[in-house]
Amino acid sequence: VKTESAGSQTSIKVIVRIRPQNQNEMQSNYKTVVKVVDDKMLIFDPKEEQNPFFYHGVAQKGRDLLKKQNKELQFIFDKIFDVTSDNNDVFEGSTKDLICNLLDGYNCSVFAYGATGAGKTHTMLGNGDDPGITYRTVAELFSEIEKQSEQREFNLGVTYLEIYNENVQDLLHKSGPLHLRDDGRCGVIVAGLKIITIQNAEELLTLLAKGNKNRTQHPTDANEESSRSHAVFQVYINITNRLDGQVRQVKLSMIDLAGSERASATGCKGARFKEGANINKSLLALGNCINKLADGAKHITYRDSKLTRLLKDSLGGNCQTVMIANITSSSFSYEDTYNTLRYANRAKKI
Ligand code: ADP
Ligand code: MG
């Protein structure tokens, strides 16, 4: 959905990805609480088709009167990927389209949102058999650059950093905590962050692997530490027009967000997120920024967190944003799934 106002164009695409249930969820007595209707609609906590407590309209013995009503909530998103989708499907249906916009001069941001264990890292990084969308998007970028190389020259640099407890750390280069600086001309920069030039997508795989080893905890561990850090991967592209020598810079940001389990949303669209104990400051601020952007607000506050300050030039304005909300269908994660769907729903444009 695109809306235009006073020359600026913001686009937010909200996508939901449902991961397959793991062994633990399948072996236990958990129910499925997400029913996919089609590739845009799902029902959360659907009514059970056969109500075991009734028989020909007569209440059966043993009915649990305290049992809560099913919520039966219908959600509509730009796209829903069910358990049968792999990372290539997600790439094709989410970030592939960003590349043209990026090369036309729009900064683009991609977020993986969701509770710990919901599939964020799988979506962004993937594994050897099924590389994540970060690699796939950059590979597509290189292939598009190749096609345009007669008219324009491209130079690519990448950075990979982590925000943990509001501290910024370079993942590609051992350093102390880095500081954000407002550089009047270039916007917000991370002082001392190393930009590494790459020539092809394979070099990126090596860098991603290296960066992940440096994360506060290995990102596939579902532990406290890793689930509370944001991994921010950015590609800076300098585009030189061979005809007139004009140079412009665009940026692609791909972010594996901290686990959302502490950031529960309150109420309806537009309301501020409730600040609980220990809530992740950057996740909270991002939610508020995106809600405001989705609502078409003119004044957006970016200075509330490191993440939003860093992405100030990549959210709103002439930017394209893709939010991938990761969930699991098991009733074991009922609250997380419910909260993630509500967060994603609030990120949609109205
Ligand atoms: P998160 O980063 O959100 O904490 P992960 O991406 O680490 O979650 O996923 C948790 C576990 O589930 C991992 O073992 C991962 O390999 C697996 N997983 C997640 N999504 C999928 C998927 N779409 N298909 C298969 N396995 C998945
Ligand atoms: Mg992870």
Side-chain angles (χ1 to χ4, degrees), residues 14-28 30 32-34 36 39 42 77 79-95 110-137 160-165 169 171 208-209 211-233 254-264 280 282-283 286-287 307 322-341 343-344:
V14 183
I15 285 160
V16 169
R17 183 181 198 183
I18 309 165
R19 75 151 163 77
Q21 297 202 0
N22 60 34
Q23 286 229 306
N24 189 19
E25 291 164 335
M26 284 190 301
Q27 281 166 1
S28 314
Y30 300 120
T32 294
V33 293
V34 179
V36 179
D39 72 338
L42 62 78
F77 296 102
K79 185 110 180 123
I80 296 167
F81 291 100
D82 69 11
V83 298
T84 61
S85 305
D86 60 14
N87 282 333
N88 191 51
D89 298 326
V90 176
F91 160 70
E92 295 270 347
S94 65
T95 58
V110 181
F111 297 95
Y113 182 91
T116 298
K120 298 179 297 295
T121 304
H122 180 83
T123 298
M124 300 307 271
L125 280 179
N127 52 50
D129 297 331
D130 188 17
I133 64 170
T134 302
Y135 168 77
R136 291 176 192 276
T137 308
Y160 197 20
L161 63 82
E162 175 183 74
I163 302 175
Y164 175 65
N165 274 344
Q169 199 104 29
L171 289 175
L208 287 176
N212 289 323
K213 282 211 195 82
N214 291 332
R215 278 190 76 173
T216 298
Q217 284 292 326
H218 197 271
T220 51
D221 295 344
N223 64 44
E224 279 276 286
E225 265 60 53
S226 76
S227 66
R228 283 162 66 178
S229 79
H230 310 280
V232 182
F233 171 76
M254 303 197 68
I255 299 114
D256 186 347
L257 289 168
S260 60
E261 51 272 15
R262 286 180 185 81
S264 66
N280 189 299
S282 281
L283 206 54
L286 177 70
L307 182 67
V322 174
M323 166 73 66
I324 304 177
N326 293 269
I327 58 172
T328 162
S329 62
S330 166
S331 60
F332 177 69
S333 306
Y334 186 96
E335 285 299 325
D336 285 337
T337 299
Y338 181 42
N339 286 331
T340 297
L341 288 172
Y343 182 102

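Throughout, residue positions are numbered sequentially from 1 according to the sequence presented. Numbering of ligands and ligand atoms starts at 1, following listing order.
Nearest heavy atoms, A115 versus K120: O-NZ, 2.9 Å. Counting all heavy atoms, side chain and backbone alike, V16 lies closest to L42 at CG1-CD2, 4.1 Å. Residue T340 comes nearest to Y113 through the heavy atom pair CG2-CD2, 3.8 Å, listed as atom of the first residue, atom of the second, then distance. Closest of all the heavy-atom pairs between R17 and S85 is NH2-O, 3.2 Å. Considering every non-hydrogen atom in both I133 and N87, the closest pair reads CG2-O, 3.8 Å. Heavy atoms only, all atoms of each residue included: N326 and A112 are closest at ND2-CB, 3.9 Å.
Heavy atoms of A115 found under 4.0 angstrom from ligand 1 belong exclusively to the backbone.
Atoms of ligand 1 lying under 4.0 Å from any heavy atom of T116, numbered from 1 in the order shown and given with element: 4 (O). Counting the atoms of ligand 1 from 1 in the order shown, those under 4.0 Å from a heavy atom of A118 are 3 (O), 8 (O).
The shell of residues lying under 4.0 angstrom from ligand 1, judged by heavy atoms, excludes G114. Between N326 and ligand 1 there is no heavy-atom distance shorter than 4.0 Å.
For the Mg ion (ligand 2), the N/O/S atoms of T116 include none lying under 2.8 Å.
A distance-only check finds no donor-acceptor pair linking the side chain of D130 to the backbone of N127 [under 3.5 Å].
When only interatomic distances are considered, the shortest N/O to N/O separation between T121 and ligand 1 falls below 3.5 Å. Not one N or O of P20 is nearer than 3.5 Å to an N or O of ligand 1, by distance alone.
Around atom 16 (O) of ligand 1, the closest heavy atom drawn from R17, H122, K120 belongs to H122.
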